[in-house]
Amino acid sequence: LVELVESGGGSVQAGESLRLSCVASEETGANCMGWFRQGQGVEREGVAVIYNGGSTKYAESVKGRFTITQDNAKNTVYLQMNSLKPEDTAMYFCAHDLASMCETWFLAAKYEYNYRGRGTQVTVSS
């Protein structure tokens, strides 16, 4: 049974940085790996996806501030988050998806991923 485990969340001040990590218990064969977030009282938001060995897409709200990378040797995906804002406060989840062309829909709010983790909380105060 594949397990995705996120880490790296925490409480920071606006303008600071965090790096999230997502380790997969085994190779999933995913075409897409990425992150989505769920804030309190707001719709789920796809944040970033990495696919085709290194291509990336980002939500408009995080472009220029967040960077997604992968380390295949470690079955790990990272999300470097800089210049954090209070509106970035949310539970952040890692997800893998096996579908072809998954990058087309990965950031959609209601996309159903093949695998997802349990999340790590990010809190940004002003």
Side-chain angles (χ1 to χ4, degrees):
L1 183 64
V2 173
E3 186 177 16
L4 304 181
V5 179
E6 302 95 337
S7 61
S11 296
V12 296
Q13 298 286 320
E16 294 184 341
S17 300
L18 283 172
R19 188 175 83 151
L20 306 183
S21 300
C22 170
V23 180
S25 58
E26 61 186 85
E27 169 60 52
T28 63
N31 287 321
C32 293
M33 297 178 286
W35 297 85
F36 65 94
R37 64 188 181 186
Q38 179 70 67
Q40 204 162 13
V42 299
E43 190 175 48
R44 191 183 85 181
E45 180 184 23
V47 173
V49 59
I50 190 164
Y51 60 100
N52 287 349
S55 298
T56 57
K57 286 187 177 181
Y58 297 92
E60 287 296 324
S61 58
V62 306
K63 273 185 182 177
R65 300 188 298 121
F66 290 12
T67 304
I68 186 170
T69 56
Q70 64 184 100
D71 185 336
N72 290 332
K74 297 181 179 180
N75 287 340
T76 301
V77 177
Y78 303 98
L79 186 67
Q80 178 66 43
M81 306 187 295
N82 298 330
S83 302
L84 283 161
K85 305 175 181 180
E87 51 264 43
D88 294 319
T89 294
M91 184 73 82
Y92 283 72
F93 299 87
C94 173
H96 287 202
D97 200 81
L98 279 61
S100 60
M101 303 297 290
C102 48
E103 67 273 14
T104 305
W105 303 107
F106 195 95
L107 299 184
K110 298 188 186 302
Y111 190 73
E112 293 293 332
Y113 308 102
N114 291 116
Y115 306 107
R116 53 177 284 177
R118 295 187 177 184
T120 185
Q121 177 68 37
V122 172
T123 303
V124 185
S125 55
S126 57

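- Hydrophobic clustering places M81 together with V47 (ILVMFWY residues linked when any side-chain heavy atoms are closer than 4.5 Å, directly or through intermediates).
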Run the numbers on Y115 and M33 for side-chain contact (heavy atoms from CB on, under 4.5 Å), then give the verdict.
CA-CA 9 Å; Y115 306 107; M33 297 178 286; over 6 Å; no
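- Scanning both residues, C22 and L4, for their nearest heavy atoms gives SG-CB, 4.0 Å.
- For T120 against G8, the heavy-atom pair with the smallest separation is OG1-N, 4.2 Å.
- Nearest heavy atom pair, residue C102 against residue D97, reads CB-OD2, 3.6 Å.
- Here the CZ atom belonging to R19 is positioned 11.5 Å from the CG atom belonging to N82, to the nearest 0.5 angstrom.
- Looking at heavy atoms from C-beta onward, M91 lies out of side-chain contact with R118 at the 4.5 angstrom threshold.
- By the criterion of side-chain heavy atoms lying less than 4.5 angstrom apart, applied directly or through intervening Ile, Leu, Val, Met, Phe, Trp or Tyr residues, Y78 is not grouped with I68; the two fall into different hydrophobic clusters.
- A side chain to side chain contact (heavy atoms under 4.5 Å, CB included) with R37 holds for exactly one of D88, T89, V122; it is D88.
- Of the inter-residue distances, the one linking M101 atom CE with Y51 atom OH reads 8.5 Å to the nearest 0.5 angstrom.
- Expressed to the nearest 0.5 Å, how far CG of L20 lies from OG1 of T76 amounts to 12.5 Å.
- Closest of all the heavy-atom pairs between L18 and L84 is N-CD1, 3.9 Å.
- For the residue pair S61 and E45, a side-chain donor N or O sits within less than 3.5 Å of a side-chain acceptor on the partner.
- Y111 and Y92 are members of different hydrophobic clusters when ILVMFWY side chains are connected at heavy-atom separations under 4.5 Å.
- For Y113 and F93, the ring centers are positioned 6.0 Å apart or more.
- The number of heavy atoms from other shown groups lying within 6.0 Å of CD (Q13) is above 12.
- A donor-acceptor contact shorter than 3.5 Å is absent between the side chain of R116 and the backbone of A95.
- Of all heavy-atom pairs spanning Y58 and V62, the tightest one is CB-CG2, 4.1 Å.
- Judged purely by atom type and a 3.5 angstrom limit, T56 has no side-chain atom pairing as donor or acceptor with the backbone of I50.
- Remark: side-chain polar atoms of E6 are paired, donor with acceptor, to backbone N or O of G119 under 3.5 angstrom.
- Here the side chain of N31 pairs a donor or acceptor atom with the backbone of A99 at under 3.5 angstrom.
- Not a single donor-acceptor pair under 3.5 Å links the side chain of Q80 to the backbone N or O of T67.
- Distance alone, capped at 3.5 Å, places no donor-acceptor pair between the S55 side chain and the N52 backbone.
- The nearest pair of heavy atoms linking V77 to H96 is CG2-NE2, 4.4 Å.
- Counting heavy atoms from C-beta outward, V2 and N114 have side chains that stay 4.5 Å or more apart.
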